[in-house]
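Since the structure comes first, as structure tokens, the remarks are kept for the end.
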Amino acid sequence: MTTPQKTRREPSLRLVMCLRVSTAGQLDGYGLESQEKDCRRWARKHGHRIVAVKVDGAVSGKTSDEERPGLTEALGILAADEADGILAPNLDRLARELTVQEAALSVVWAYGKRAFTVDHGEHQADDDDDPMRTFVRQVMGAAAQLERGLIAKRLRNGRKTKAAGGGYAFGAPAYGQRAEDKALTVDDDEAAVLSQMRAWQADGMSVRAIAAELNAREVPTKRGGKWHPTTVARLLSPDARQAAREQSARARAAERDEVKRRRADRILSRLT
């Protein structure tokens, strides 16, 4: 009689858990606590041991690997041979952007380590004899990135449509208003201060004098700080408010361009 052969159990591995939450994560309701529970459940099921937990919270998933301290620390642990692999809920939580995902995986495999996700299991290292392995992973990553982009675009369009119709779409309410049940309403105290500021302006007071008077009376700004002439000017002058909005838009665009240039420089440095 033949004795049934026992299934060979894989040796226990030391894994670094990688978690990430961002705006997209908050939208789908998959927060850090749920991610960690899923990872720990998966590790117990497969007999592996979590030796460290690295978290990137409240950061954009589009940031690069250098701007992801949790991911960077996790890869450092692998490089120091203090763990055998990484574990994430899914590749989307490892990195939102396909280029960052592939860079992180290449580091894992370069050190002879292994990559696991709860939804997939092990992600095998690229193999020249199996190009479909790389193709499928990258296509899935690109599809996920496209879906996130479309969702973000729909949200932006919805906000713009609501704002164009006079509704409250997003952002901090203007001075003199407050958000209540997802709608704007008058803040009586701030509205009274704004009315007084306009009266002082009509009497010939400068914005600098108005700011000084408000500070002398210990009237707080929207955020509870001190008044500055530029803040007063933005509230009293539509042109100043528009100029401030345009300046903020230019600053955000310049920041996005700088991030792109830094990424391009890093790629170039790897090629030269």
Side-chain angles (χ1 to χ4, degrees), residues 5-22 24-25 28 30-57 59 61-145 148 263 266-267 270:
Q5 188 175 2
K6 293 183 179 179
T7 303
R8 187 175 180 180
R9 187 179 181 86
E10 182 179 23
S12 177
L13 300 175
R14 302 167 300 163
L15 300 179
V16 180
M17 187 191 306
C18 295
L19 311 176
R20 180 182 67 80
V21 68
S22 66
D28 63 25
Y30 198 25
L32 293 176
E33 184 177 353
S34 297
Q35 293 177 44
E36 182 170 356
K37 285 182 179 178
D38 287 346
C39 287
R40 291 193 181 279
R41 187 182 303 114
W42 186 93
R44 285 195 302 269
K45 178 181 177 181
H46 293 85
H48 301 316
R49 183 164 54 97
I50 304 296
V51 295
V53 178
K54 297 301 176 182
V55 177
D56 281 315
V59 297
K62 293 183 179 179
T63 54
S64 65
D65 45 359
E66 289 103 277
E67 297 169 285
R68 294 277 307 280
L71 177 59
T72 301
E73 290 174 11
L75 296 177
I77 291 173
L78 298 187
D81 200 27
E82 296 172 358
D84 304 305
I86 58 171
L87 171 63
N90 50 53
L91 286 181
D92 182 46
R93 296 300 156 172
L94 189 65
R96 276 181 67 190
E97 205 166 70
L98 180 60
T99 53
V100 179
Q101 168 192 300
E102 292 299 295
L105 290 175
S106 67
V107 172
V108 172
W109 295 325
Y111 282 98
K113 306 303 180 180
R114 301 167 69 177
F116 301 89
T117 58
V118 172
D119 67 338
H120 177 85
E122 182 168 10
H123 293 268
Q124 299 287 342
D126 292 338
D127 185 347
D128 291 341
D129 292 329
D130 186 10
M132 282 298 295
R133 178 186 301 173
T134 304
F135 174 77
V136 171
R137 184 186 69 247
Q138 292 182 349
V139 166
M140 294 297 290
Q145 186 171 316
R148 288 188 298 270
R263 292 181 184 176
R266 286 193 297 272
I267 293 173
R270 295 166 186 166

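Since this is a predicted model, take the numbers as computed values, not measurements.
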Rounded to the nearest 0.5 Å, what separation is found between the [atom1] atom of [X] and the [atom2] atom of [Y]?
X: Arg49; Y: Leu87; atom1: CZ; atom2: CG; result: 14.0 Å
X: Leu13; Y: Phe116; atom1: CG; atom2: CZ; result: 5.0 Å
X: Met140; Y: Leu98; atom1: CE; atom2: CG; result: 12.0 Å
X: Asp127; Y: Asp129; atom1: CG; atom2: CG; result: 5.0 Å
X: Glu33; Y: Asp38; atom1: CD; atom2: CG; result: 11.0 Å
X: His120; Y: Trp42; atom1: NE2; atom2: CH2; result: 10.5 Å

Can you list every pair that meets salt bridge (charged side-chain N to carboxylate O under 4.0 Å, His left out) and has a residue in residues 100-110, with sequence neighbours left out? Glu102-Arg137
Which atom of [X] lies closest to which atom of [Y], heavy atoms considered:
X: Ala74; Y: Val16; answer: CB-CG1, 3.7 Å
X: Leu75; Y: Ala104; answer: CD2-O, 4.0 Å
X: Thr117; Y: Pro89; answer: CB-O, 4.0 Å

Judged by atom type as modelled, is there a donor-acceptor pair below 3.5 Å linking the side chain of Thr134 to the main-chain atoms of Asp126? no
Salt-bridge test for Arg20 and Asp56: reply yes if a basic N is under 4.0 Å from a carboxylate O, no otherwise.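 So Arg20 does not pair with Asp56 through a salt bridge.
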Quick check: do [X] and [Y] have side-chain heavy atoms less than 4.5 Å from each other?
X: Val108; Y: Ile86; result: yes
X: Cys39; Y: Leu19; result: yes
X: Val51; Y: Glu82; result: no
X: Asn90; Y: Val118; result: no
X: Met132; Y: Asp130; result: yes
X: Leu105; Y: Leu94; result: yes

Going by the rule salt bridge (charged side-chain N to carboxylate O under 4.0 Å, His left out), which residues pair with Arg40 if we only count those two or more places apart in sequence or in a different chain?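 Once residues adjacent in sequence are excluded, the partners of Arg40 under the salt bridge (charged side-chain N to carboxylate O under 4.0 Å, His left out) criterion are Glu36.
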Partner residues of Asp81 under the side chain to side chain donor-acceptor pair (under 3.5 Å) criterion, sequence neighbours left out: Lys113
Could you give me the CA-CA distance, side-chain angles and deciding distance for Leu91 and His123, then say whether side-chain contact (heavy atoms from CB on, under 4.5 Å) is met? CA-CA 10 Å; Leu91 286 181; His123 293 268; 3.5 Å; yes
Is it the case that more than 12 heavy atoms not belonging to Arg133 sit under 6.0 Å from its CZ atom? yes
Would Lys54 and Ile77 count as a side-chain contact (heavy atoms from CB on, under 4.5 Å) if you check the C-alpha gap in whole Å, the side-chain angles of each, and the deciding distance to 0.1 Å? CA-CA 10 Å; Lys54 297 301 176 182; Ile77 291 173; 3.7 Å; yes
